[in-house]
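One structure is given here, and the rest of the page talks about it.
Note that the numbering runs from 1 along the sequence shown for the chain.
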Amino acid sequence: MGSAVTSGPATSGGPALMAYDDALAKYEPVLGLETHVELGTRSKMFCSCATTFGAEPNTQVCPVCLALPGSLPVVNGTAVESAIRLGLALNCSIASWCRFARKNYFYPDMPKNYQISQYDEPLCFDGHLDVVVDTPEGPREFRVEIERVHMEEDTGKTAHLGGATGRIHGAEYSIVDYNRAGIPLLEIVTKPIEHTGELAPLVARAYVTELRDLVRALGISDVRMEEGSLRCDVNVSLMPRGATEWGTRSETKNVNSLRSVERAVRYEIQRHAAVLDSGGRVVQETRHFQENTGGTVAGRSKEEAQDYRYFPDPDLVPVAPSAEWVEELRAGLPELPAAQRRRIKAEWNLSDEELRDLVNADAIGLVAATVDAGAPPAEARKWWLNELSRRATESEVELAALSITPAQVARVVELVAEGSLTNKLARQVIDGVLAGEGGPDEVVEARGLKVVNDDSALGAAVDQAIADNPDVAEKVRGGKIAAAGALVGAVMKATRGQADAGRARALILERLGVQG
């Protein structure tokens, strides 16, 4: 009896897909991930042009990055240092001598028609990164072996206009922005990732997540996937269960979100399995991920390395970092994410589930910075994981992109702790900070949000609440102390939530001659 096959994504003519569980029962996936990180240097890899994201098109260019005749590249030393620091954080060996090479191919957004990269002599090699995947049976750790980290330059950006899809087919014309051409780029290439089984999509996502967090901790890139400073090429192949030879791989290019990495792996497993099960042959090719469908479409047949005609770049001297410099950089590495998680879990006495919530919300660094600014860990976690996570979701931005700093959150926590704000008022303060009205103290002052807790200011509101609710007041006098809550609520409403509820309750009972 054949394996179940489901239809592809909701596009006309989409390929058939094998049911995921059936695919994993018959085939073992092998993954390979090639991740590109744009470095956050002030200038480009081989010239002094600026690297500001979003600048007017073709305003950050010069003869070097436009490849004009007679121009010569010069290596960006900060980019080399960043590459070594990442290699060390990934447990790589660092080459004592390596060269740049020319990778020859034609693209309209590559002015030289070759890319300066590294070929057989990468700066960093033979490393690993451990990642953890949550399963119903508990966390499972996978070691992802790193083949190489090499330096290269980014391409420009081409936009295809006038068509319905934004792709070259059907477009009326194309325009090229060379601002990005020449920006320093690190490519991190894994060795084949085997024995992940049904967890393959989750392992891929966990690896890219951990790599992103590692790069961010090093401070060498903002790793904003939505802006293209972190992009992942996802390689997938299948081999029949019990076989020893890997299958033909496909390479889904420039996947730009963590969720999409996971979806691309799952989709390609199902697509490959359906092709193989029908007696077909998987074509080695690049593919493009479709965010709207969750599927991939064919790009071009994939060249082998020799098709790029690599040769050493004659205009660049070799890179030869000294052992002393490498060790100096190793000694200066910050606390890395895995070590930070272990420390925080112990220091804050977190359960596995509480730590997982922080990780899943991408909030560890934000909460840690809030604690460093003086907030108790529990309060810092509460505000970031609840109120601020909700705001980020509503605004469709990452948590770290909210216009509020950990120090400002810590100040809100402090104002609540000292009784100057209630939780309700604190949320209004956060509204003001996010709206650009200033820091917490400025918002409190401008909006008049401080808690009212002196008797003279509360007395009138308490007397009015008793006068407006005589039946409730009589119940309290009769011994039903719990009924005072309704009177407290009336006081809070009258003071726009600014009354000190505890003091308001005490005054109500005092006015009614009842012991609390």
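- Considering all non-hydrogen atoms of both residues, Leu333 and Ala89 come closest at CD1-N, 4.2 Å.
- Salt-bridge formation is not detected for the pair Lys103/Asp313: no Lys NZ or Arg NE/NH1/NH2 atom is positioned less than 4.0 Å from an Asp or Glu carboxylate oxygen.
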(request) Any chance you could lay out the salt bridge (charged side-chain N to carboxylate O under 4.0 Å, His left out) test for Arg391 and Glu387, step after step, and finish with the verdict? (result) CA-CA 6 Å; Arg391 306 299 182 89; Glu387 190 65 25; 2.7 Å; yes

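- Interatomic distance, Glu28 CD to Glu194 CD, rounded to the nearest 0.5 Å: 7.5 Å.
- Taking a 6.0 Å sphere around CD of Glu398, one finds it holds 12 or fewer heavy atoms contributed by other residues, nucleotides or ligands.
- Note on ring orientation: taking the six-membered ring where Trp is involved, the planes of Tyr119 and Tyr310 are parallel (angle under 30°, cut-offs 30° and 60°).
- Without hydrogens or angle criteria, Thr393 side chain to Ser389 main chain gives a donor-acceptor distance under 3.5 Å.
- Taking CZ of Arg205 as the start and OG of Ser260 as the end, the distance is 9.0 Å to the nearest 0.5 Å.
- Proximity of Glu153 to Lys44: side-chain heavy atoms (C-beta onward) are nowhere separated by under 4.5 Å.
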(request) Could you please spell out the steps behind the side-chain contact (heavy atoms from CB on, under 4.5 Å) verdict for Leu230 and Glu38? (result) CA-CA 6 Å; Leu230 175 66; Glu38 275 188 1; over 6 Å; no

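- Among all heavy-atom pairs drawn from Leu31 and Ala200, the shortest one is CD1-O, 3.5 Å.
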What pairs of donor and acceptor atoms, side-chain ones from residues 355-363 against any protein atom, are under 3.5 angstrom apart with sequence neighbours left out?
unit_1	atom_1	unit_2	atom_2	d
Asn360	ND2	Arg356	O	3.4
Asp362	OD1	Arg212	NH2	3.3
Asp362	OD1	Arg216	NH1	3.4
Asp362	OD2	Arg212	NH2	3.4
Asp362	OD2	Arg216	NH1	3.3

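- Nearest heavy atoms, Trp384 versus Ile404: CH2-O, 4.0 Å.
- Proximity of Val283 to Thr248: side-chain heavy atoms (C-beta onward) are nowhere separated by under 4.5 Å.
- Rounding to the nearest 0.5 Å gives a distance of 9.0 Å between CG of Asp21 and CD of Gln270.
- Rounding to the nearest 0.5 Å places CZ of Arg148 at 12.5 Å from OG1 of Thr190.
- Met239 is not listed as a side-chain neighbour of Tyr27, based on a closest heavy-atom distance of 4.5 Å or more.
- When side chains are defined from C-beta on, Leu66 does not count as touching Asn58, because their heavy atoms never get closer than 4.5 Å.
- Geometrically, Arg266 engages Tyr20 in a cation-pi contact, judged by NZ or CZ lying under 6.0 Å from the ring centre and within 45° of the ring axis.
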(request) Could you go through the side-chain hydrogen bond (donor to acceptor under 3.5 Å, both in side chains) check for Arg231 and Asn256 one step at a time? (result) CA-CA 5 Å; Arg231 321 190 281 273; Asn256 64 357; over 6 Å; no

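- At a threshold of 4.0 Å, the pair Asp233-Arg287 does not count as salt-bridged, since none of the basic side-chain nitrogens sits closer than that to a carboxylate oxygen.
- Using a cutoff of 4.0 Å between basic side-chain nitrogens and carboxylate oxygens, Glu268 and Arg271 are scored as salt-bridged.
- At a threshold of 4.5 Å between non-hydrogen side-chain atoms, the residues Leu90 and Cys124 do not count as touching.
- Put simply, CG on Leu86 and CE on Met151 are 12.0 Å apart, with the number rounded to the nearest 0.5 Å.
- Taking each heavy atom of Val282 and His272 in turn, the nearest pair found is CG1-CE1, 3.6 Å.
- Using a cutoff of 4.0 Å between basic side-chain nitrogens and carboxylate oxygens, Lys191 and Asp126 are scored as salt-bridged.
- A salt bridge links Glu251 with Lys253: at least one charged nitrogen is closer than 4.0 Å to a carboxylate oxygen.
- The environment of Glu353 atom CD is sparse: at most 12 non-hydrogen atoms of other residues, nucleotides or ligands sit within 6.0 angstrom.
- Between Lys26 and Asp277, at least one side-chain N (NZ, or NE/NH1/NH2) sits under 4.0 Å from a carboxylate O, which counts as a salt bridge.
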(request) List the steps, then state whether side-chain hydrogen bond (donor to acceptor under 3.5 Å, both in side chains) holds for Glu121 with Trp97. (result) CA-CA 8 Å; Glu121 297 169 322; Trp97 190 93; over 6 Å; no

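- A donor-acceptor pair under 3.5 Å links the side-chain atoms of Arg180 to the main chain of Thr155, judged by distance alone.
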(message) Using the rule given for side-chain hydrogen bond (donor to acceptor under 3.5 Å, both in side chains), can you reason through His150 versus Glu187, listing the C-alpha separation, both sets of side-chain angles and the distance that settles it, and then say yes or no?
(response) CA-CA 5 Å; His150 66 258; Glu187 182 171 356; 3.1 Å; yes

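- Between Ala181 and Pro111, the closest heavy-atom pair is CB-CD, 4.1 Å.
- Atom CZ of Arg390 sits in a crowded spot, with more than 12 heavy atoms from other residues, nucleotides or ligands closer than 6.0 Å.
- Using a 4.5 Å cut-off on side-chain heavy atoms (C-beta onward), Val297 and Gln290 make contact.
- Heavy atoms only, all atoms of each residue included: Glu210 and Val131 are closest at CB-CG1, 3.9 Å.
- Inter-residue side-chain proximity for Thr52 and Gln60 is flagged as met; some heavy-atom pair is nearer than 4.5 Å.
- Within the model, atoms CH2 of Trp325 and CD1 of Ile84 stand 4.0 Å from one another, a figure rounded to the nearest 0.5 Å.
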(request) Let me see the working for Lys157 and Asp109 under salt bridge (charged side-chain N to carboxylate O under 4.0 Å, His left out), right down to the final yes or no. (result) CA-CA 6 Å; Lys157 296 181 71 172; Asp109 49 15; over 6 Å; no

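- Side-chain contact between Val144 and His128: absent, with no pair of heavy atoms (C-beta onward) separated by less than 4.5 Å.
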